[in-house]
2 protein chains.
Amino acid sequence: MTDQSPAARKPIRTAITDEDGIDFAIIELFFFAYRDFTSDPDQILADYGFGRAHHRVLHFVNRRPGLTVAELLDVLKITKQSLARVLKQLIDTDHIVQLQGPRDRRQRELYPTAKGRALALALARPQSRRIRAALEDSGAAERASIERFLEAMVDPELRAQINIVPAQTSGKRNGDH
Amino acid sequence: MTDQSPAARKPIRTAITDEDGIDFAIIELFFFAYRDFTSDPDQILADYGFGRAHHRVLHFVNRRPGLTVAELLDVLKITKQSLARVLKQLIDTDHIVQLQGPRDRRQRELYPTAKGRALALALARPQSRRIRAALEDSGAAERASIERFLEAMVDPELRAQINIVPAQTSGKRNGDH
DNA sequence: GGATTATGTCAGTACTGTTGACGTAATTTC
DNA sequence: GAAATTACGTCAACAGTACTGACATAATCC
């Protein structure tokens, strides 16, 4: 494994750049931004013995109360077996409850409890603080640009997932107020 | 485990919203954007038997050729043991080579090979394409807003890591061209 | 010459994800 | 009403990526 064709192992000493029309600047910024964005809640989660997967489940159950297991799998893009462990823990610790679907009794609608709502808020708080700080000197136009950009980064066919915000309270992204 | 204080298990039926001053809109957009942003290279990596960790190592070795193991650990924010396996695989497959540090012979400077450079480019290409599409109708001002935002999302004390782009070729983010 | 530093490595563990298979209850279809 | 499908749960095995703790080696610093 050590002495093959020596030519193939010649080190390249020049840095890769945006030369090839590749946007390394934003690729890298996105990596750093997300790394630190997720580091905030990770600290809190550790106290509960939870991981990032628990956070994601908790977030979406709070955002779309009553969503079914299948819908949650679709949003998270993980398998049923992968969700099972995490969801079971959240149910056993009374952060989430399951209710039988009203129309289709096979379905399990997922709802947060007061405890689950509180944890979701606690996890989101430092993230929101970070966003607010990042937008500090920005106007509405700049904020809109950023929202538009992030939305455009999502796969077109999955963009529908974003706007599924229950009509009950919000009425902001629904256009039907 | 099923029949505790029933009050604690009462489902909350209303969605969490931006009411509490928490910016759920951007939190969620950021999740979806990053989920799909990383899904592009994941597909390619699978063909090589590599994972996301290999991508990150490959990216930074190409971006900052000659960086040491310690510097790489600092950028990735993982432990030495965690890096070891991934780095060893990339070296064994001739994507990366190690050179003894010129001044300090304890150090191992990491460089990409032609093969490693090619793979890094192949992985970045779909990501860059996605970014270009997302910025399609945006002007320079909008792009600047987005870069500023992403940079501001990074921990202030770690923001220095971003601008470490070798002087050799780029000269764009260095201000010393 | 002794302490520190940079790196490598071994062992054990945790979390999150995967595939495949099987079971049960409810709904739909014919 | 029987058969197929759907929604969900669960068991087993495994992979990738991260962790802590411990120890080894070589080079550098003091």
Side-chain angles (χ1 to χ4, degrees), chain A residues 1-2 31 34-35 38-39 41-59 61 66-93 96-110, chain B residues 1-2 31 34-35 38-39 41-59 61 66-93 96-110:
Chain A
M1 263 301 183
T2 320
F31 164 76
Y34 200 75
R35 180 195 65 179
T38 52
S39 74
D42 281 356
Q43 308 238 319
I44 301 169
L45 288 160
D47 299 338
Y48 290 77
F50 290 161
R52 213 171 279 181
H54 298 84
H55 184 190
R56 289 197 286 262
V57 171
L58 209 45
H59 170 88
V61 169
L67 94 174
T68 66
V69 172
E71 286 165 350
L72 184 53
L73 289 174
D74 203 50
V75 167
L76 297 178
K77 288 209 179 279
I78 57 174
T79 59
K80 182 177 49 161
Q81 297 84 336
S82 197
L83 173 63
R85 266 169 306 200
V86 169
L87 183 56
K88 194 174 190 317
Q89 285 178 288
L90 288 168
I91 291 169
D92 287 348
T93 53
I96 290 177
V97 289
Q98 285 182 316
L99 266 62
Q100 207 171 51
R103 276 180 293 277
D104 188 335
R105 289 184 304 175
R106 287 172 306 178
Q107 294 183 333
R108 301 283 178 274
E109 294 185 343
L110 304 172
Chain B
M1 262 304 182
T2 320
F31 164 75
Y34 200 76
R35 180 194 66 179
T38 51
S39 73
D42 281 357
Q43 309 239 318
I44 301 169
L45 288 160
D47 300 337
Y48 291 77
F50 290 160
R52 211 170 281 181
H54 299 84
H55 184 189
R56 289 197 288 261
V57 170
L58 209 46
H59 170 88
V61 170
L67 95 173
T68 65
V69 171
E71 286 165 351
L72 183 54
L73 290 175
D74 203 47
V75 167
L76 298 177
K77 285 206 180 283
I78 58 173
T79 58
K80 183 177 47 164
Q81 298 87 333
S82 198
L83 173 63
R85 262 168 308 200
V86 168
L87 184 56
K88 194 174 188 320
Q89 284 178 290
L90 288 169
I91 290 169
D92 287 348
T93 54
I96 290 178
V97 287
Q98 285 182 317
L99 267 63
Q100 207 171 50
R103 277 181 292 278
D104 188 334
R105 289 184 305 176
R106 287 171 306 179
Q107 294 184 334
R108 301 283 177 271
E109 294 185 344
L110 304 173

Intermediate values then yes/no, side-chain contact (heavy atoms from CB on, under 4.5 Å), A/Gln100 and A/Gln107: CA-CA 6 Å; A/Gln100 207 171 51; A/Gln107 294 183 333; over 6 Å; no
Evaluate the criterion side-chain contact (heavy atoms from CB on, under 4.5 Å) for residue pair B/Phe50 and B/Thr93; output intermediate values, then yes/no. CA-CA 11 Å; B/Phe50 290 160; B/Thr93 54; 3.8 Å; yes
Given the rule in the side-chain contact (heavy atoms from CB on, under 4.5 Å) test, do B/Thr79 and B/Leu73 qualify, once you have shown the distances and angles that lead to the verdict? CA-CA 7 Å; B/Thr79 58; B/Leu73 290 175; 6.0 Å; no
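In terms of the salt bridge (charged side-chain N to carboxylate O under 4.0 Å, His left out) criterion, residue partners of B/Lys88 (sequence neighbours excluded) are, by chain and number, B/Asp92.
Across C/dT27, C/dA6, C/dT16, the shortest atom-to-atom separation from the side chain of A/Ala53 is found for C/dT16. The A/Arg56 side chain lies nearest to C/dT16 when the options are D/dG9, C/dA26, C/dT16.
The CG atom of A/Asp74 sits 11 Å away from the P atom of D/dA7 (whole-angstrom rounding). For A/Arg35 and D/dT17, the CZ to P distance is 18 Å, given to the nearest whole Å. Between A/Arg103 atom CZ and C/dA25 atom C1' the separation is 19 Å, expressed in whole Å. We find that CG of A/Leu90 is positioned 13 Å from P of D/dG9, with the value rounded to whole Å. The distance from atom CG of A/Leu73 to atom P of D/dT10 is 14 Å, rounded to the nearest whole Å. In this structure, A/Arg105 places its CZ atom 17 Å from C1' of D/dT5, rounding to the nearest Å. Look at CG on A/Asp104: it is 14 Å from C1' on C/dT24, rounded to the nearest Å. A/Leu45 places its CG atom 9 Å from the P atom of C/dT16, with the value rounded to the nearest Å.
Smallest separation of non-hydrogen atoms from A/Val86 and A/Ser82: CG2-O, 4.1 Å. Considering every non-hydrogen atom in both B/Phe31 and A/Val75, the closest pair reads CE2-O, 4.3 Å. Nearest heavy-atom pair across A/Gln98 and A/Leu110 is CG-CD2, 3.4 Å. Nearest heavy atom pair, residue B/Val69 against residue B/Leu87, reads CG2-CD2, 4.4 Å.
Map B/Val69 and A/Gly51 each onto its nearest nucleotide of DNA chain C; the residue landing nearer the 5' end is B/Val69.
A/Arg52 has no side-chain polar atom (N or O) that falls below the 4.0 Å cut-off from OP1 or OP2 of C/dC15. For C/dC15, the OP1/OP2 oxygens have no side-chain nitrogen or oxygen of A/His54 closer than 4.0 Å.
No donor-acceptor distance shorter than 3.5 angstrom exists from the side chain of B/Arg85 to the backbone of B/Leu83, with no hydrogens or angles considered.
Residue A/Gln98 is in sugar-phosphate contact alone, with no base atom involved, counting any heavy-atom pair closer than 4.0 Å across all strands shown.
Taking the six-membered ring for Trp and thresholds of 30 and 60 degrees, B/His59 and B/His55 have ring planes more than 60 degrees apart, a perpendicular arrangement.
With hydrogens and angles left out, the side chain of B/Arg106 and the base of D/dT28 share no donor-acceptor pair within 3.5 Å.
Heavy-atom distances under 4.0 Å link DNA chain D to B/Lys77, B/Ile78, B/Thr79, B/Gln81, B/Ser82, B/Arg85 of residues 76-89 of chain B, given in residue order.
Annotation: the terminal axes of the helix from C/dG1-D/dC30 to C/dC30-D/dG1 meet at 30°, where each axis is the rotation carrying the C1' atoms of four end pairs onto the next four (5 pairs per end, rounded to 10°).
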